[in-house]
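Reading through the structure tokens given below for one structure.
Just so you know, these numbers use all the heavy atoms, side chains as well, and skip hydrogens, waters and symmetry mates. Below, read A as the first sequence line, B as the second, and so on, with proteins coming before strands; counting in each chain starts at 1.
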Protein chains: 2
Amino acid sequence: MNKKNIENIKSQMRRGVLEYCILCVLDKNDAYASELIGKLKDARIIVVEGTLYPLLTRQKNQGLLTYRWEESTQGPPRKYYTLTDKGRDLLHEMDKAWTEIVETLDILRK
Amino acid sequence: MNKKNIENIKSQMRRGVLEYCILCVLDKNDAYASELIGKLKDARIIVVEGTLYPLLTRQKNQGLLTYRWEESTQGPPRKYYTLTDKGRDLLHEMDKAWTEIVETLDILRK
DNA sequence: TTTAGTACCTTGCGGTGCAAGGTATCAAAT
DNA sequence: ATTTGATACCTTGCACCGCAAGGTACTAAA
């Protein structure tokens with residue numbers, strides 16, 4: 001009951017920064033969807049496929065990302081996503097927004 | 001166009017911590033809804049009435065808050081919200097969750 | 001008795017995460 | 001040859017929730 005509450009809160013917080021996290025990860029290296037899910041899971045940002053795929057499509061349609069197909073040595077071809085210049089610009093805006101929120105909460109909590 | 005994007009991102013990030021902010025503010029002092037809106041606006045967490053009222057009701061129904069009516073010297077009576085023990089417990093859990101997310105993003109950004 | 005200020009609350013819409021289910025490719029085992 | 005398992009992509013339907021807009025009610029001053 002209470003545990004459910006806490007999980008709900010955590011996921012709500014994570015949601016707010018999900019798009020930010022994706023751009024962060026892609027800023028370092030191109031990646032394909034399944035790979036991204038793994039990396040975000042490692043970073044304790046839980047994401048499921050049904051969330052990530054529509055999100056990537058949205059970001060692509062906003063011109064933040066592009067993709068290319070690449071053959072894999074094992075398994076079906078992979079769709080590698082890359083940050084565009086526009087995506088990088090937005091990432092920097094997100095950095096600012098994030099910093100601002102962290103500062104705000106520091107004040108609220110002090 | 002782009003400005004709208006950024007605003008959208010910020011509000012999405014804020015949403016994730018809205019409940020947390022409310023409990024933070026109430027942890028220091030009891031407050032009534034209009035007052036809360038003012039305090040959160042000062043903290044650059046924009047909230048509108050249509051968001052706050054249902055949220056307070058939700059938190060009250062979850063047993064995180066209680067309220068009492070108080071007469072006002074000018075205007076209608078005010079509904080002062082107070083954190084319950086359960087609310088305070090959850091606030092501490094939120095502190096942990098928030099710290100964890102901040103750490104996670106530090107890692108993702110490094 | 002009208003206007004202005006303060007305070008409470010509800011309704012309808014749109015956006016979005018998630019669970020579940022579906023499709024396709026490749027390679028190894030039967 | 002065909003079944004199985006691993007990998008990878010994607011869609012659908014539900015439910016939740018923030019927000020804009022609109023509504024009610026009390027008080028005091030014009």
Side-chain angles (χ1 to χ4, degrees), chain A residues 4-23 30-41 44-62 64-81 97 101, chain B residues 4-22 30-41 44-62 64-81 101:
Chain A
K4 212 169 147 191
N5 253 347
I6 294 162
E7 262 321 301
N8 196 25
I9 285 152
K10 285 188 186 175
S11 75
Q12 207 177 333
M13 288 184 179
R14 279 188 302 247
R15 251 175 256 164
V17 293
L18 223 190
E19 296 203 40
Y20 182 35
C21 289
I22 290 170
L23 298 191
D30 296 356
Y32 58 99
S34 304
E35 192 185 0
L36 262 172
I37 291 175
K39 288 192 177 181
L40 292 173
K41 282 218 175 96
R44 289 176 306 186
I45 305 281
I46 294 148
V47 198
V48 292
E49 295 190 320
T51 300
L52 189 65
Y53 283 101
L55 218 168
L56 286 172
T57 304
R58 240 173 11 241
Q59 292 185 328
K60 187 209 66 189
N61 290 338
Q62 287 171 17
L64 309 177
L65 309 176
T66 54
Y67 65 81
R68 63 176 189 282
W69 286 99
E70 264 188 35
E71 298 292 324
S72 162
T73 52
Q74 45 183 356
R78 297 164 175 173
K79 211 170 170 179
Y80 278 86
Y81 286 91
I101 291 207
Chain B
K4 213 169 149 191
N5 254 347
I6 295 162
E7 261 324 301
N8 194 29
I9 286 152
K10 285 188 187 175
S11 74
Q12 207 177 335
M13 287 183 179
R14 278 189 302 249
R15 251 176 256 163
V17 292
L18 224 187
E19 295 201 41
Y20 181 35
C21 289
I22 291 171
D30 294 357
Y32 58 99
S34 305
E35 194 185 1
L36 261 174
I37 290 174
K39 289 192 178 180
L40 291 173
K41 283 221 173 92
R44 290 175 306 184
I45 304 281
I46 295 148
V47 198
V48 293
E49 295 190 321
T51 300
L52 191 64
Y53 282 101
L55 217 168
L56 286 172
T57 304
R58 237 171 16 237
Q59 293 186 328
K60 187 209 65 192
N61 290 338
Q62 287 171 17
L64 310 177
L65 310 176
T66 54
Y67 66 81
R68 63 178 188 279
W69 286 99
E70 265 189 32
E71 297 291 324
S72 163
T73 54
Q74 44 184 359
R78 296 164 176 174
K79 211 170 169 178
Y80 278 85
Y81 286 91
I101 291 208

- In whole angstrom, what separates I37(B)'s CD1 from dC8(C)'s C1'? 10 Å
- Item | E70(A) CD to dA8(D) P, straight-line distance once rounded to whole Å | 13 Å
- Item | Whole angstrom value for the distance that separates P of dA7(C) from OH of Y81(B) | 14 Å
Return a table of donor-acceptor pairs under 3.5 angstrom between the side chains of residues 71-81 of chain B and protein atoms on other chains or two or more places apart.
residue	atom	partner	partner atom	Å
S72(B)	OG	Q74(B)	N	3.1
S72(B)	OG	Q74(B)	O	2.9
R78(B)	NE	Y32(B)	OH	3.4
R78(B)	NH2	Y32(B)	OH	3.4

- Specify the separation, in whole Å, of atom CG of L36(B) and atom P of dT6(C). 17 Å
- Query: Q62(A) has an atom CD; how far is it from atom C1' of dG15(C), in whole Å?
  - Reply: 12 Å
- Query: Over how many whole Å does the gap from L52(A) atom CG to dC18(C) atom C1' extend?
  - Reply: 12 Å
- Message: Nearest 0.5 angstrom please: L18(B) CG to M13(A) CE, how far?
- Response: 10.5 Å
- Nearest 0.5 Å please: distance from the OH atom of Y67(B) over to the NZ atom of K60(B). 5.0 Å
- Item | Under-4.0 Å side-chain N/O to phosphate OP1/OP2 contact, Y32(A) with dA8(D) | yes
- Message: Can you see if the side chain of T57(A) gets near the phosphate of dC10(D) - specifically, an N or O under 4.0 Å from OP1 or OP2?
- Response: no
- Whole Å only: how far is the OH atom of Y80(B) from the C1' atom of dT6(C)? 12 Å
- Note on the structure: dist I101(A):CD1 -> C21(B):SG (nearest 0.5 Å) comes out at 8.0 Å
- Note on the structure: Applying salt bridge (charged side-chain N to carboxylate O under 4.0 Å, His left out) to R15(B) and not counting sequence neighbours gives none
- Task: Write down the distance between CG (L40(A)) and P (dG17(C)), rounded to a whole number of angstrom.
- Result: 13 Å
- Query: Which letter, B, S or -, goes with each nucleotide of nucleotides 16-22 of chain D from 5' to 3', with contact meaning a protein heavy atom under 4.0 Å?
  - Reply: -SSBBB-
Name the pairs: protein N/O against N/O of nucleotides 25-30 of chain D, kept only if under 3.5 Å.
none

- Heavy-atom check, side chain of R68(A) versus side chain of D30(A), under 4.5 Å: yes
Check: residues 44-56 of chain B side-chain donor-acceptor pairs under 3.5 Å, at least two apart:
none

- Query: Atom NZ in K41(A), atom CG in L36(A): separation rounded to 0.5 Å?
  - Reply: 11.5 Å
- Q59(A): what forms a side-chain hydrogen bond (donor to acceptor under 3.5 Å, both in side chains) with it, not counting sequence neighbours? E19(A)
